[in-house]
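Each remark here refers to the structure printed beneath this line.
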Amino acid sequence: MGRYNKRNHNRYYDRKDHKMENKNINPEEMPDDAVVMDDVNPTPAENDEATEEVAEGAVSLEDENAKLKEELEKEKREYLFLMAEFDNFRKRTLKEKSELIKNAGESAFKGLLPIVDDFERALKATENTEDVASVREGMELIYKKLKKYMEQNGVKEMDPEDRDFDADKHEAISVVPVPDESQKGKILDTIEKGYTINDKVLRHAKVVVGQ
């Protein structure tokens, strides 16, 4: 027996002819093997529900869009703040570095002033003296004072006992042929002493090297 819908008898499927029929027909006249197809139209309530869903979706998108814009503005403000902070830090660092270099030089020369005073007093004392020994003694005291001050500031004389030539520490101003193979590449004489400051070469020693 075919199935039909009481609300609508305009469409049914004819199993015999394998086709859909669209026409008004009395259910009693319908073939036994026919299957009635309902034309389902949305009700007003269903239409209202769909409209509400679309409206809610639009409102949701607007809210999300507003939220994203707010987050973007926040990130932008934070970025500008960080850039300003970095620029201030850079300027402050450059100023501090410049002042450090300036003050370091000022401190170094300030420490030399007492030694200059000693030299001036020694020179004045030797104007009317013929005692060479006392003059020499005074000069030695001033020299030791100067060396001590240099060491306190990290400046040290290179080891004079180091006889092996090292291009990182020495500057060969002359090369002298030597008959002894053991003297080749060795420092024969130091013309000008070398100094280091905090284990870094401050001035290369000028030396004569055997070849």
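No more than 12 heavy atoms of other residues, nucleotides or ligands lie within 6.0 Å of CD in E70, so this atom counts as exposed by the packing criterion. Surrounding CD of E130 are at most 12 heavy atoms belonging to other residues, nucleotides or ligands under 6.0 Å away. For K147, the NZ atom sits in a packed shell: over 12 heavy atoms of surrounding residues, nucleotides or ligands are nearer than 6.0 Å. With a 6.0 Å radius and a threshold of 12 heavy atoms from other residues, nucleotides or ligands, E137 has its CD atom at or below the threshold. Dense packing is recorded around CG of N65, with more than 12 heavy atoms of other residues, nucleotides or ligands lying under 6.0 Å away.
Distance check, rounded to the nearest 0.5 Å: CE of M158 to OH of Y195 gives 10.5 Å. To the nearest 0.5 Å, atoms CD (E157) and OG1 (T196) are separated by 9.5 Å. Taking CD of E73 as the start and CD of E75 as the end, the distance is 11.0 Å to the nearest 0.5 Å. Rounding to the nearest 0.5 Å places CG of L202 at 7.5 Å from CE of M150. Rounded to the nearest 0.5 angstrom, E64 CD and E71 CD are separated by 9.0 Å. Summarising the geometry, atom CZ belonging to F89 is positioned 8.0 Å from atom CD belonging to E96; distances are rounded to the nearest 0.5 Å.
Follow the hydrophobic side-chain contacts under 4.5 Å out from L80 and you reach M83 in the same cluster.
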Side-chain donor-acceptor distances from residues 165-190 under 3.5 Å, at least two apart:
{"residue": "D166", "atom": "OD1", "partner": "D168", "partner atom": "N", "Å": "3.0"}
{"residue": "K169", "atom": "NZ", "partner": "D162", "partner atom": "OD2", "Å": "3.1"}
{"residue": "H170", "atom": "ND1", "partner": "D166", "partner atom": "N", "Å": "2.9"}
{"residue": "H170", "atom": "ND1", "partner": "D166", "partner atom": "O", "Å": "3.3"}
{"residue": "D180", "atom": "OD1", "partner": "S182", "partner atom": "N", "Å": "3.1"}
{"residue": "D180", "atom": "OD1", "partner": "S182", "partner atom": "OG", "Å": "3.0"}
{"residue": "D180", "atom": "OD2", "partner": "S182", "partner atom": "OG", "Å": "2.9"}
{"residue": "E181", "atom": "OE2", "partner": "K184", "partner atom": "NZ", "Å": "3.0"}
{"residue": "K186", "atom": "NZ", "partner": "D164", "partner atom": "OD1", "Å": "2.3"}

For residues 109-127, which side-chain donor-acceptor pairs fall under 3.5 Å, sequence neighbours excluded?
{"residue": "D118", "atom": "OD1", "partner": "R121", "partner atom": "NH2", "Å": "2.5"}
{"residue": "D118", "atom": "OD2", "partner": "K145", "partner atom": "NZ", "Å": "2.9"}
{"residue": "T126", "atom": "OG1", "partner": "A122", "partner atom": "O", "Å": "3.4"}
{"residue": "T126", "atom": "OG1", "partner": "L123", "partner atom": "O", "Å": "2.8"}

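A distance-only check finds a donor-acceptor pair linking the side chain of R203 to the backbone of K193 [under 3.5 Å]. Under the 3.5 Å distance criterion, the side-chain polar atoms of S98 are left unmatched by any main-chain donor or acceptor of L94. Y149 places no side-chain N or O within donor-acceptor distance of the main-chain N or O of K144, the cut-off being under 3.5 Å. Within the 3.5 Å criterion, the main-chain N or O of A84 finds a donor-acceptor partner in the side chain of N88.
Residues satisfying the side-chain hydrogen bond (donor to acceptor under 3.5 Å, both in side chains) test with R136, not counting sequence neighbours, are E140.
Heavy atoms only, all atoms of each residue included: G194 and A205 are closest at N-CB, 3.5 Å.
Annotation: side chain of E192 is not in contact with side chain of V207 (no heavy-atom distance under 4.5 Å).
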